[in-house]
Each structure stands twice: as structure tokens, then as C-alpha cells.
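Heads up: numbering here begins at 1 and tracks the sequence.
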Amino acid sequence: MSAKPLRVLIVDDEPLARQRIEDLLTHERGIEIAGTADNGDAAIEKIRSLKPDLVFLDVQMPGMTGLDVVRSIGIDAMPPTIFVTAYDQHALKAFELAALDYLVKPFDDERFEQALARGRAHAELREAGALRERLRVMLDGEAAPPASHYIQRIPVESRGKVQYVPVDQIDYIAASGPYAEIVVGARHHLVSETMQALEDSLDPARFMRVHRSAIVPLDRVETLFRGAGGDYELQLKNGARVRVSRAKRQQVEQRLKGTG
């Protein structure tokens with residue numbers, strides 16, 4: 001292992017988020033904080049001038065996103081990167097297609113150490129070629145048909161570990177206060193995501209928002225019930241019942257018949 005310290009650049013538009021990473025890095029051996037940046041333009045300038053070994057890069061920044069920074073620097077010149085995000089759908093896309101690793105805010109010390117360990121290994125072993133190829137595939141895919149952007153798995157973080165729930169295993173999704181509850185059989189996973197964001201991320205050919213508080217995969221629907229007072233419910237194959245809003249009732253019937 002080289003005695004040369006690992007030079008790290010921290011990029012995030014939130015001061016507290018930058019400070020959090022900086023504080024964690026000060027307790028790590030062999031780390032030199034090369035600099036910080038609070039926006040995409042500053043990140044590009046510092047990546048080019050400082051030439052860091054590793055970058056912690058916020059995905060969602062005003063004006064220029066983390067992926068815009070990657071495009072501007074260029075695949076071959078971009079240092080190994082750990083994406084940082086508060087938005088699960090962005091993290092999933094980055095991790096599956098391009099990232100060395102990623103952190104979902106708020107992350108704990110253990111999860112940070114796991115990501116940093118991957119960053120160290122990647123930089124020390126000079127394994128940048130595979131990462132560059134994954135980045136190239138991701139950026140080329142930005143021009144792909146819209147259907148390619150629908151998520152296939154949803155990351156669920158618990159106790160510093162991330163579990164990926166395939167969307168084809170979901171029985172339904174229900175609103176739970178500020179969170180969304182993903183139901184898979186007997187398991188219920190809470191994610192810090194809005195129902196609207198999930199609806200936008202899921203393939204509308206497979207999923208439908210049947211109520212402000214419910215999204216269902218159409219192939220899980222078994223029966224449509226009409227209750228007293230004109231209310232409607234769906235019974236799913238797992239036995240659960242989900243309310244249908246009156247405004248959605250006709251559209252639900254058409255979709256279930258395959259005509260909508």
C-alpha cells in the first residue's frame with residue numbers, strides 16, 4: 001500500500017453535508033482533504049486544478065447536477081467518485097449504472113466507512129478502467145428511450161445497509177405520513193420518498209396510482225369491489241385491499257380490461 005495520502009474532494013451545496021463528510025474523514029488514516037466545493041462549476045474547476053484521488057459528489061445540486069459535472073470533466077478525466085444524494089431514485093440509477101458507491105442522506109458512520117473503503121481500494125489498485133466504462137454507458141444511456149429510465153429496483157436503507165427490492169416483487173405501495181411503505185409479501189419497507197416521486201419513477205405500463213395514498217402493480221389485482229356509498233376497492237392476489245378514488249375508478253376499470 002502506498003504511503004501517499006488519499007486526496008479527497010468534497011462537493012455538496014449544503015454546508016452541513018460538506019462538514020459531515022469532512023468530520024468523518026478527519027478520523028480516517030491516510031486521508032488528505034484536497035478541497036471542497038459547493039456547486040457544479042466550482043467542482044469542475046477544483047477537479048481540474050487539484051486532481052483529487054477520490055471525489056464525494058452530491059447528485060442533486062441547483063444549476064448543475066453531479067452527473068453534469070461528470071459530463072463536463074469527461075469520462076477519462078473523472079476521478080473515482082462516490083455519489084451522495086438525498087433522493088433514492090437518483091442514487092439507484094447512479095449506483096447500478098455508474099458509481100463506485102453512493103451514500104443516501106442521512107447516512108451513518110458505518111455506511112460511510114464502507115463507501116470510503118471501496119474508494120481507497122479503487123484508487124490504490126488503479127481500477128479506474130471499469131468505472132469509466134460504466135460511466136460511459138450511463139451517459140450514453142441518457143439519450144435512450146424514456147422507458148429505459150423506469151427503475152427496476154428500489155433501495156431500502158436500514159442500519160447502514162442497503163437492500164434492493166425488485167419492483168416486480170412489489171404487492172403495492174402505500175403512503176405512510178411523509179414516507180412511502182413498500183409491501184412485499186409479509187415485509188413492509190419504509191422509504192423516504194414521496195408517492196409522486198415513486199409514481200414518476202415506476203413504469204406506468206405496470207403500475208397505477210389508484211388513490212392519492214396507493215400505487216398498485218396491475219398484474220397483482222384480482223378483484224374490483226364496489227362498496228356502500230359508491231366507494232371502490234381492489235383486492236390483490238395477496239388478499240390485501242386497496243382503496244380506489246372515485247376520480248380513478250373508470251380509468252382503473254379500463255386498465256384492468258386492457259383498454260386504457
Side-chain angles (χ1 to χ4, degrees), residues 2 4-26 28 30-107 111-112 114-144 148-149 155 197:
S2 171
K4 184 179 178 181
L6 189 74
R7 301 178 66 253
V8 178
L9 176 67
I10 304 166
V11 181
D12 200 302
D13 65 304
E14 299 176 2
L16 290 178
R18 292 195 305 275
Q19 189 62 53
R20 164 82 168 141
I21 295 175
E22 195 166 350
D23 289 345
L24 288 168
L25 288 174
T26 58
E28 296 288 339
I31 294 290
E32 175 187 331
I33 298 175
T36 64
D38 60 5
N39 61 71
D41 290 328
I44 291 168
E45 189 277 325
K46 292 196 175 184
I47 289 170
R48 288 173 174 163
S49 63
L50 299 175
K51 302 188 185 308
D53 302 309
L54 180 67
V55 179
F56 284 87
L57 179 60
D58 189 15
V59 174
Q60 196 72 7
M61 295 182 291
M64 180 177 288
T65 70
L67 298 184
D68 291 332
V69 170
V70 174
R71 290 189 190 91
S72 296
I73 293 294
I75 300 299
D76 294 329
M78 189 69 196
T81 301
I82 296 172
F83 288 116
V84 183
T85 180
Y87 301 95
D88 288 353
Q89 72 270 29
H90 293 115
L92 178 66
K93 180 178 180 180
F95 180 73
E96 288 193 275
L97 297 179
L100 168 62
D101 204 342
Y102 79 93
L103 295 168
V104 177
K105 302 173 185 177
F107 50 85
R111 181 69 188 92
F112 178 84
Q114 291 171 356
L116 180 61
R118 293 192 68 184
R120 283 185 190 273
H122 198 90
E124 290 168 358
L125 295 175
R126 303 293 193 267
E127 294 177 342
L131 175 63
R132 286 173 183 156
E133 186 57 34
R134 297 200 327 256
L135 281 167
R136 199 183 313 278
V137 169
M138 180 199 67
L139 295 182
D140 289 346
E142 289 291 291
S148 68
H149 294 293

Taking the side chain as everything from C-beta on, heavy atoms only, tell me whether I31 gets closer than 4.5 Å to R120. yes
Salt bridge (Lys or Arg N to Asp or Glu O under 4.0 Å) partners for D68, two or more places apart: R71
Name each donor-acceptor pair under 3.5 Å that joins a side chain in residues 49-58 to protein atoms two or more places apart or in another chain, with its distance.
unit_1 : atom_1 : unit_2 : atom_2 : d
S49    : OG     : E45    : O      : 2.9
S49    : OG     : E45    : OE2    : 3.3
K51    : NZ     : R48    : O      : 3.3
D53    : OD2    : R7     : N      : 2.8

When you measure from the side chain of T81 to the backbone of P79, do you find a donor-acceptor pair of N or O atoms at a distance under 3.5 Å? yes
So which atom in M64 and which in S72 form the shortest heavy-atom distance, rounded to 0.1 Å? CE-OG, 4.3 Å
Backbone of V84 reached by a side-chain donor or acceptor of K105 within 3.5 Å: no
Would you indicate whether the side-chain heavy atoms of L24 and L116 approach each other to under 4.5 Å? no
Set of residues satisfying side chain to side chain donor-acceptor pair (under 3.5 Å) with respect to N39, sequence neighbours excluded: none
Measuring from Q60:CD to D13:CG, what's the distance to the nearest 0.5 Å? 9.0 Å
Can you name the residues that form a side chain to side chain donor-acceptor pair (under 3.5 Å) with E32, not counting sequence neighbours? none
State, yes or no, whether a side-chain contact exists between M61 and V11 at a heavy-atom distance under 4.5 Å. yes
Rounded distance [0.5 Å steps], CD1 in I33 versus CD1 in I10: 4.5 Å
If you look only at distance, which donor and acceptor atoms sit under 3.5 Å apart when one is on a side chain in residues 16-23 and the other is two or more places apart or in another chain?
unit_1 : atom_1 : unit_2 : atom_2 : d
R18    : NH1    : D12    : O      : 2.7
Q19    : NE2    : D23    : OD1    : 2.6
R20    : NH1    : D109   : OD1    : 3.2
R20    : NH2    : F107   : O      : 2.8
R20    : NH2    : D109   : OD1    : 3.1

Of all the heavy-atom pairs spanning A115 and L103, show the shortest one and how long it is. CB-CD2, 3.9 Å
